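Accompanying notes for the structure given below.
Owing to the predicted nature of the structure, the values given are computational and were not obtained by experimental measurement.
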Amino acid sequence: MLNVFKGKPKYMTVRPQGEPQRKEFPDNLWTRCDCCGKMIFTKELEKTGFLCASCGHHFRISAIKRIAMLTEPGDFQAFPPLVAADPIGFPGYAEKIKVAQEQTGLDDAALIGKAKIQGSLCILGVIDFSFIGGSMGSVVGEQLVRGFETALKEELPVVIFSGGGGGARMHEGIFSLMQMAKTAQAVGKHSRAGLLFISVLTHPTMGGVYASFASLGDIILAEPCALVGFAGPRIVEETTRQKLPAGFQTAEYALQHGMIDAIVPRSHMLDYVGRLLAWHR
Amino acid sequence: MLNVFKGKPKYMTVRPQGEPQRKEFPDNLWTRCDCCGKMIFTKELEKTGFLCASCGHHFRISAIKRIAMLTEPGDFQAFPPLVAADPIGFPGYAEKIKVAQEQTGLDDAALIGKAKIQGSLCILGVIDFSFIGGSMGSVVGEQLVRGFETALKEELPVVIFSGGGGGARMHEGIFSLMQMAKTAQAVGKHSRAGLLFISVLTHPTMGGVYASFASLGDIILAEPCALVGFAGPRIVEETTRQKLPAGFQTAEYALQHGMIDAIVPRSHMLDYVGRLLAWHR
Amino acid sequence: MQAFEWEKPVLELEARINELKQFVHSEEMDFSAEIKTLERKASRLRKEIYENLTPFQRVTMARHPKRPSTVDYISLLFDEFVEFHGDRSFRDDQAIVGGVALFEGQPVTVIGPQKGRDTKDNIARNFGLPHPEGYRKALRLMKQAEKFGRPIVTLIDVVGAYPGIEAEERGQGLVIAQCIEEMSFLRTPILSIITGEGGSGGALAIGIGDRILMLENAWYSVISPEMCATILWRDSSRAAEAAELLRLTPTDLLKFGIIDDVITEPLGGAHRDHANTGMQIRSFMRRYLATIMKVPLDTLVEERLARFRRIGEFHEKSLAEL
Amino acid sequence: MQAFEWEKPVLELEARINELKQFVHSEEMDFSAEIKTLERKASRLRKEIYENLTPFQRVTMARHPKRPSTVDYISLLFDEFVEFHGDRSFRDDQAIVGGVALFEGQPVTVIGPQKGRDTKDNIARNFGLPHPEGYRKALRLMKQAEKFGRPIVTLIDVVGAYPGIEAEERGQGLVIAQCIEEMSFLRTPILSIITGEGGSGGALAIGIGDRILMLENAWYSVISPEMCATILWRDSSRAAEAAELLRLTPTDLLKFGIIDDVITEPLGGAHRDHANTGMQIRSFMRRYLATIMKVPLDTLVEERLARFRRIGEFHEKSLAEL
Ligand SMILES: [Zn+2]
Ligand SMILES: [Zn+2]
């Protein structure tokens, strides 16, 4: 495998409720690699699947780009969109949603629908970090559950790419916490019917997302170097007052500690997932 | 709890295939405590349930004495006895069996039957260390399996006190290994019918006995200070060339490492087991 | 006993009444009229203060060091208890206590996190913050309960799952997910009672009940008020404001349909009267256990799933918007 | 390649034949008659030596450093393989390899212990001695196979479960028991092949097959010959004698009804011809997988249990003796 650690800081900062980024890859000609610091021609980046040519770093990508990498044009049909309510009347939340919608063009952080991957029908879901850190509120929870329910009804496998910052969406208070139960139960029903769920952890999969459906895959894959864990590294550092071990909470670390089945570089992801789907038909 | 470690060596020697002891408690007036070294009046020892009054050490006791401690006279009815064959023609085995039978008065290392413990009907099994180290050959395996099968048919709980040295009985070669599978499967059938199995680990429960039925209790208890583990301490020391940690493979160590539910001193055993049986009626 | 700033007026009044009573005893003088007046005043004041607590005042009540925690409740609520230890794979985590107890003759499996009572106990119990092996023990005991058709009672008082290096290494997130998932499908009745702090995933992991009750001064939230304040304003001292925003009180949660009932505490909080708190909880347990134990298992699990299935607020995008 | 003392005559003869052949090539002289004689002699000698191996000679064959181990067999037997890692609770133990593989178009779950091939690999794989987490991974993958109705193939080559301090702490005995128990009831076909060493509980833990096959030069025993010799005579160098006593060869085990079939190896052992060994095993796999995949699952599990249920030799005590 690529040595993705070269020149990498010990861990990356997670901003659970950070501002949505204006744009993933601004129209600048050049983008700086988060990992090795090299400047990369942005057009070049698009061609490689948003991998740094010098260090192999996997850039965070939008749900739409991810879906385009996994399906042929026309082979993804999204579920009807849902829009966030403001269940606990959290100050500024409604506005935050509106801004995120405008900036990302998404209704909420999850894009879920029926897809065909290398000839296998499945339910494909992708969480988009740029929508309020890819956090799980009522909409993401409901969409995921509908995904699993459709899969159950039509006896389809499910593939979810999870990459949300802090996991839960604080602005929905207890409703957000309950999405952990709701999604975990949806996985449970689907699983108990003998159906396949491939969970792919992309950077970063933390908190309530990691501690619910994303950990319940029959097969759990991760992209190289993705941060995966329950508590954010800063909280762990502050609580324990210990220096975090090198590579703490990276996919590689999780693999070593027995938590994931395999690390799959983005360039192999389509073939890897496609093969697993085919073998479970 | 009693401090059973006082003056105790780091671990006790297990003799997997040692000679059967002539007699547990010879007719001497005095017995030396294995643990603290004090001399104890043998008659006194009988009265206390074979506990050392000064250090709380639990002496190894015969199956018959154990049964007498748990049931009222007449409340234990042993299954028809079986006698060992010599399935691989192991030199000296037939003779070894004969000697053990004469010295212990038992047919083989397990005494199993229907019992009433504090009013609860159950299948009670006790392994006797003094019969070829309490090792499990075809007879012990078959007796245990018949115990679980009877319990399954009559919907009874099972209580087994395991205390056999090396676990498997080498002299029966592969037949001895297969008793692990056979007994584990008997537990499995009984368990899958929703019935209770209380496994009590007495000194020493090692090897093939520990790595089969004895580890499969719904509730696993141990007597204080009992040695429990898979590989014998000498083998671990020789293989790893490391000093064994204090208390290695004792019941207390196993409790701390999450392997057993509780340590129950012999003086409380009857009430403890009796209560659990009553709660599962 | 540690007192809160906001309850000082009532405590001072109570002290004054006690003094007078002592005086009466020793001097044989008649202050009964005065005492009566003061007691009426105290009663009014108590109601005024304790019935109008702010959310954050309730949070601090939930954290009172003398508030009963799981082992206290186990002895208050049950007649007998046998503790079982260990996850059967790594360690016995004393931050979660579990075993079988007798509730008015009925064996139940009881599980709950436990805070320490002194420094030594706190270290043994990791300040009540469970590691993955604590949740694995809980799951093991819940499955045992299912096997024997025993109802489960979970008593929840936990700031959260431990955010430590080893806890992460041994799969804290994974084990919480597994607990939630497996608990959801257990074919045995489950009663969950949030007795103190209900901190996020660490509480939810043992909180998938058929009925979920909550003590009056308990809280349950996706995030602690302090952490929420830190994220919003980079200032954890504004936790009281965050507590308002999070809607973490039993009243809010009852309205949202997250919990089923609120268990009243003695005025001034559970820590002021353990015995009465226990009696109060007992009567709720009696009622709710009887209810869920009557439901056929298929229905029970179906309804448990349906309960969580419907939680969530959102709008279907209208056709016009599409 | 490392040669055994007892096969030196045949190896020397083979070397002589090769020399002559070289000579023929380079000198264009006719030694064909001589070569033919020698080859006949070699063939006789090979049969004589390799078909009359002592039990301990087979044990040493099973341990030959160039003998294929699990990863070699995976590439010899399957067309594609995806490895899955981890026990989902503590660590990925590389002493056991597992994943999904394609066997002639059929996905199967394949699991087996793996010895190291060089010093670095040996350290990573702990010399092929699994820790509890290795068995937990195996169990996880077996349950996954059951969920998806995939047949399981276990390839067994293991001296034993690791007798280490941490292995004991993390429940080596317990996990072996769990593997045996759960594997016994799996509702999916299981084919177990003892390819090399079948060392006691560490082998049995993944050896509860519907059919159990064994390579010609593999051994399977409750205890290693060395350890047996140590116990009997306090002298591990008498292992060869112990190997005779233990009846650990495929021929013995077939007679005892412990295994179902013996897979012939190329003369001289699997290490002398990996490709042919693979082809030989493939044909057995094809046949036995087809057989067990046809059996209804209820029957399959019943028969699997019955198979082990009847193992054991003893006498009922006659009534006269009672
Ligand atoms: Zn780079
Ligand atoms: Zn003593």
Side-chain angles (χ1 to χ4, degrees), chain A residues 16-17 80-91 107 137-139 141-142 145 168-170 172-182 184-189 192 206-208 210-216 228-232 235-236 239-240 242 244-245 248-249 253 257-259, chain C residues 129 132 160-185 198 200-205 207-208 220-223 227-228 231-232 245-248 252-253 256 258-259 304-305 307-317 319 321-322:
Chain A
Q17 262 70 29
L82 302 175
V83 180
D86 185 5
I88 63 166
F90 201 91
D107 296 291
S138 299
V139 169
E142 180 71 18
V145 171
R169 189 173 293 172
M170 179 182 73
E172 295 192 13
I174 197 78
F175 290 91
S176 159
L177 184 68
M178 292 300 141
Q179 304 311 308
M180 289 171 66
K182 190 168 153 174
Q185 291 170 352
V187 178
K189 278 193 221 172
R192 280 164 170 74
M206 304 292 290
Y210 184 61
S212 63
F213 70 91
S215 280
L216 296 171
V228 301
F230 178 59
I235 293 164
V236 175
T239 309
T240 60
Q242 278 184 282
L244 302 180
F248 183 63
Q249 291 184 330
Y253 199 78
H257 286 282
M259 298 302 151
Chain C
L129 300 164
Y162 186 56
I165 294 170
E166 294 206 334
E168 289 290 321
E169 289 177 353
R170 295 200 290 270
Q172 192 72 283
L174 210 131
V175 84
I176 289 173
Q178 286 170 338
C179 272
I180 294 171
E181 199 265 352
E182 301 221 37
M183 199 174 176
S184 299
F185 292 89
S200 195
L204 183 67
I208 310 295
Y220 191 16
S221 173
V222 67
I223 190 170
M227 200 122 64
C228 178
I231 290 169
L232 288 179
L245 302 182
L246 286 169
R247 314 289 293 274
L248 44 62
D252 285 321
L253 298 172
F256 293 151
I258 304 295
I259 62 166
R304 191 188 303 148
L305 293 169
R307 166 199 194 109
F308 289 92
R309 173 66 188 87
R310 59 178 168 259
I311 300 178
E313 301 264 318
F314 50 84
H315 308 296
E316 311 267 350
K317 215 167 174 177
L319 278 176
E321 293 172 275
L322 288 176

Sub-4.5 Å side-chain heavy-atom contact between [X] and [Y]:
X	Y	result
A:Met178	C:Val222	no
A:Ile174	C:Leu253	yes
A:Leu177	C:Ser221	no

Contacting region of C:Leu232 [heavy-atom separation from chain A under 4.5 Å]: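 Side chain only.
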Part of C:Met183 within contact of chain A (heavy atom distance under 4.5 Å):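 Answer is neither: C:Met183 stays 4.5 Å or more from chain A.
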Please classify the contact between [X] and chain C as side chain, backbone, both or neither, with a heavy-atom cut-off of under 4.5 Å.
X	result
A:Phe90	side chain
A:Glu142	side chain
A:Asp86	neither
A:Ala84	backbone
A:Val145	side chain

Salt-bridge present (C:Glu181, A:Arg192; N to O < 4.0 Å):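 Yes, this pair counts.
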Residues C:Arg247 and A:Glu172 bridged, charged N to O under 4.0 Å: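 No, no charged N to carboxylate O under 4.0 Å.
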Distance, nearest 0.5 Å, that separates CG of A:Leu82 from CD of C:Glu313: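 So the CG of A:Leu82 and the CD of C:Glu313 are separated by 12.5 Å.
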From C:Glu168 atom CD to A:Phe248 atom CZ, the distance as rounded to the nearest 0.5 Å: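 Separation between the atoms: 5.0 Å.
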Residue among C:Ile176, C:Leu129, C:Ile180, C:Ile165 with most heavy-atom pairs under 4.5 Å to chain A: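 Looking at each of C:Ile176, C:Leu129, C:Ile180, C:Ile165 in turn, C:Ile165 comes out on top.
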Any donor-acceptor pair under 3.5 Å from A:Lys182 side chain to C:Arg310 backbone: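 No, because the side chain of A:Lys182 does not come within donor-acceptor range (under 3.5 Å) of the backbone of C:Arg310.
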Residue pair A:Tyr253 / C:Glu169, side-chain donor-acceptor N/O under 3.5 Å: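 Result is yes, a qualifying pair exists.
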